[in-house]
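Inspection log for the structure reproduced underneath, given as structure tokens.
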Amino acid sequence: MNRFLLPAYLFVGFFSVILRGFCLNPYLLHVRHIPLPHPYPLKGVLLVLMFMCIQVGMVAGVLRLSSYQHSWGRAVAAVGISMVFLVFALVGGMHSPPFYEAYLWWLTIFLLALLFLSIKSGYEASRAGRVSKAL
């Protein structure tokens with residue numbers, strides 16, 4: 001994993017969340033009957049962007065990008081961190097605005113990538129004989 005991969009994925013998430021903030025919110029229009037134009041949800045978008053920064057910072061701190069491939073346990077810890085963020089994000093998923101849906105998709109893809117990384121590093125550790133006897 002390149003040291004620019006996490007920041008690049010973070011900026012892709014920023015871009016998608018910010019752009020989806022401009023999309024029409026069907027809940028406001030059809031359920032709450034608020035006529036167009038709807039204001040840009042700046043507080044919500046900034047809150048989601050803050051959560052994205054916190055999650056990527058925590059994952060980068062756990063993985064230690066220069067040596068992530070040497071420890072399958074750190075990859076599993078990163079999966080655990082992302083699972084916690086996804087579970088808390090799913091709580092607010094019902095009737096969510098479009099920018100929040102983009103955040104949920106970003107979280108899901110991020111979690112799947114970390115799951116792949118943990119499986120790959122666990123497999124490589126088992127081939128090299130570095131898996132502890134606790135497993």
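This is a predicted model, so every value here is computed, not measured.
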Met50 atom CE, over 12 foreign heavy atoms within 6.0 Å: yes
Is there side-chain contact between Cys53 and Phe14, with at least one heavy-atom pair below 4.5 Å? yes
Please report the shortest heavy-atom distance between His38 and Asn25, naming the atom on each side. CE1-O, 3.8 Å
Give me the atom names and distance for the closest heavy-atom approach of Ala102 to Ser16. CB-O, 4.1 Å
Does the side chain of Leu63 come within less than 4.5 Å of Leu117's, by heavy atoms? yes
Distance in Å, Gln55 CD paired with Ile81 CD1, rounded so as to fall on 0.5 Å steps: 8.5 Å
Residues in side chain to side chain contact (heavy atoms under 4.5 Å, CB included) with Ile119, at least two apart? none
Within this structure, what is the CG-CH2 distance for the pair Leu10 and Trp106, rounded to the nearest 0.5 Å? 6.0 Å
Taking C-beta and beyond as the side chain, do Phe110 and Leu6 meet within less than 4.5 Å on heavy atoms? yes
Quick one: are Phe51 and Phe88 in side-chain contact, heavy atoms under 4.5 Å? no
Of the non-hydrogen atoms in Leu29 and Ile34, which two are nearest, and what is the gap between them? CD1-O, 3.6 Å
CZ of Phe85 to CG of Leu104: how many Å apart, nearest 0.5 Å? 13.5 Å
Does Tyr100 use its side chain to pair, donor to acceptor, with the backbone of Val48 at less than 3.5 Å? no
Is it the case that over 12 heavy atoms from other parts of the model lie below 6.0 angstrom from the OH atom of Tyr27? yes
Please walk me through it: do Arg20 and Trp105 pass side-chain contact (heavy atoms from CB on, under 4.5 Å)? CA-CA 12 Å; Arg20 292 286 290 175; Trp105 278 109; over 6 Å; no
Please round to the nearest 0.5 Å and tell me the distance separating atom CG of Leu47 and atom CG of Leu42. 11.0 Å
Does Leu107 reach the side chain of Ser82, with side-chain heavy atoms less than 4.5 Å apart? no
Could you state the interatomic distance from CD1 (Ile18) to CZ (Phe99), rounded to the nearest 0.5 Å? 11.5 Å
